[in-house]
Amino acid sequence: MIKAILVFNNSAKPRLIKFFEHYPEEIQQQIVRETYQLVSKRDENVCNFLEGGSLIGGNDYRLIYRHYATLYFIFCVDSSESELGILDLIQVFVETLDKCFENVCELDLIFHVDKVHYILQEMCMGGMVLETNLSEIVARFDEQSKLEKQEAGITAGTTKAMTALKEMNLPQKIKDIKLSDLNLNLRF
């Protein structure tokens with residue numbers, strides 16, 4: 001089971017943090033610091049698996065990571081997960097981000113955090129892997145984006161209608177109506 005997903009840059013700035021177990025915020029911050037310390041010290045030509053830190057479970061947990069350009073993608077998993085399977089999952093996650101954001105960069109993770117979390121939720125939820133097919137994940141992301149655009153169009157139309165009503169100044173127009181102007185044909 002996946003316990004946490006962390007993405008941070010070379011300067012130890014977190015860009016994505018997702019815990020599937022509850023930890024108090026102070027412990028989460030310590031986990032991020034400890035994980036960065038463990039991963040950043042490693043040489044580029046060593047394997048991408050290492051024992052978990054003392055805060056996130058010790059020997060029963062593994063940190064599986066990939067370093068792409070300026071970002072570390074780290075999955076903390078328990079011993080029931082396949083290390084190679086998680087490495088593949090990291091690859092699918094990065095390729096999906098690349099397809100959805102067209103040459104993904106660190107700023108995409110910062111400014112589109114909601115979309116990044118959506119992609120992550122399409123892949124795994126509650127610490128369990130749901131989908132690893134890149135084209136399926138991208139298709140769901142495209143559907144979601146299309147719905148958001150449609151919703152934005154409806155919202156924009158509603159906003160325009162409300163603005164037009166406000167600009168009409170109805171209370172003043174009602175005050176300006178004179179009863180003599182109304183041609184009332186009342187018959188009794």
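These numbers come from the heavy atoms of this one structure, side chains and all, not from hydrogens, waters or symmetry mates.
Here the side chain of Tyr36 pairs a donor or acceptor atom with the backbone of Asn10 at under 3.5 angstrom. With Arg15 contributing its side chain and Tyr72 its backbone, the two residues share no donor-acceptor pair below 3.5 Å. Judged purely by atom type and a 3.5 angstrom limit, Asp43 has no side-chain atom pairing as donor or acceptor with the backbone of Asn45. His67 places a side-chain N or O within donor-acceptor distance of the main-chain N or O of Ala69, the cut-off being under 3.5 Å. At least one donor-acceptor pair closer than 3.5 Å links the side chain of Glu81 to the backbone N or O of Met1. The backbone N or O of Tyr23 lies less than 3.5 Å from a partner atom in the side chain of Gln28, making a donor-acceptor pair.
Between His117 and Ile17 the shortest heavy-atom distance is CE1-O, 4.0 Å. The heavy-atom pair separating Leu130 from Gln121 by the smallest distance is CD1-O, 3.7 Å. Contact detail for Ile5 and Leu120: the closest heavy-atom pair is CD1-CD1, 3.6 Å. Considering all non-hydrogen atoms of both residues, Gly127 and Phe20 come closest at N-CD2, 3.2 Å. Listed here is the closest heavy atom pair of Phe141 and Cys100: CD2-SG, 3.3 Å. Closest of all the heavy-atom pairs between Ile90 and Tyr65 is CD1-CA, 4.1 Å.
The CD atom of Gln91 lies 9.5 Å from the OG1 atom of Thr96; values are rounded to the nearest 0.5 Å. In this structure, the separation between CD on Gln144 and OH on Tyr118 is 4.5 Å, given to the nearest 0.5 Å. Note that the CD1 atom of Ile119 and the CZ atom of Arg140 stand 13.0 Å from one another [nearest 0.5 Å]. How far NZ of Lys115 is from CG of Asp108: 9.5 Å, rounded to the nearest 0.5 Å. Here the CZ-CD1 distance, from Phe93 to Ile86, works out to 12.5 Å after rounding to the nearest 0.5 Å. For the atom pair CG of Leu63 and CD of Glu83, the computed distance is 11.0 Å after rounding to the nearest 0.5 Å.
Glu143 and Lys146 are not joined by a salt bridge, as no carboxylate oxygen comes within less than 4.0 angstrom of a charged side-chain nitrogen.
Hydrophobic clustering (side-chain heavy atoms under 4.5 Å, transitive across Ile, Leu, Val, Met, Phe, Trp, Tyr) keeps Leu6 apart from Ile2. Grouping the Ile, Leu, Val, Met, Phe, Trp and Tyr side chains by contacts below 4.5 angstrom, directly or via other members, places Val129 apart from Ile74. Clustering ILVMFWY residues whenever any of their side-chain heavy atoms sit less than 4.5 angstrom apart, transitively, puts Leu87 in the very cluster that holds Phe73.
Side-chain contact between Arg42 and Cys47 is present, with heavy atoms from C-beta onward closer than 4.5 Å. Within the 4.5 Å cutoff, no side-chain heavy atoms of Leu109 are placed close to those of Phe8. Looking at Thr35 and Cys76, their side chains never come closer than 4.5 Å, going by heavy atoms from C-beta outward.
Grouping Ile, Leu, Val, Met, Phe, Trp and Tyr by side-chain contacts under 4.5 Å, direct or through others, leaves Leu147 on its own.
Listed by first and then second residue, the salt bridge (charged side-chain N to carboxylate O under 4.0 Å, His left out) pairs involving residues 84-104 amount to none (not counting sequence neighbours).
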Could you go step by step and tell me if Tyr68 and Val104 meet the side chain to side chain contact (heavy atoms under 4.5 Å, CB included) rule? CA-CA 11 Å; Tyr68 295 98; Val104 69; over 6 Å; no
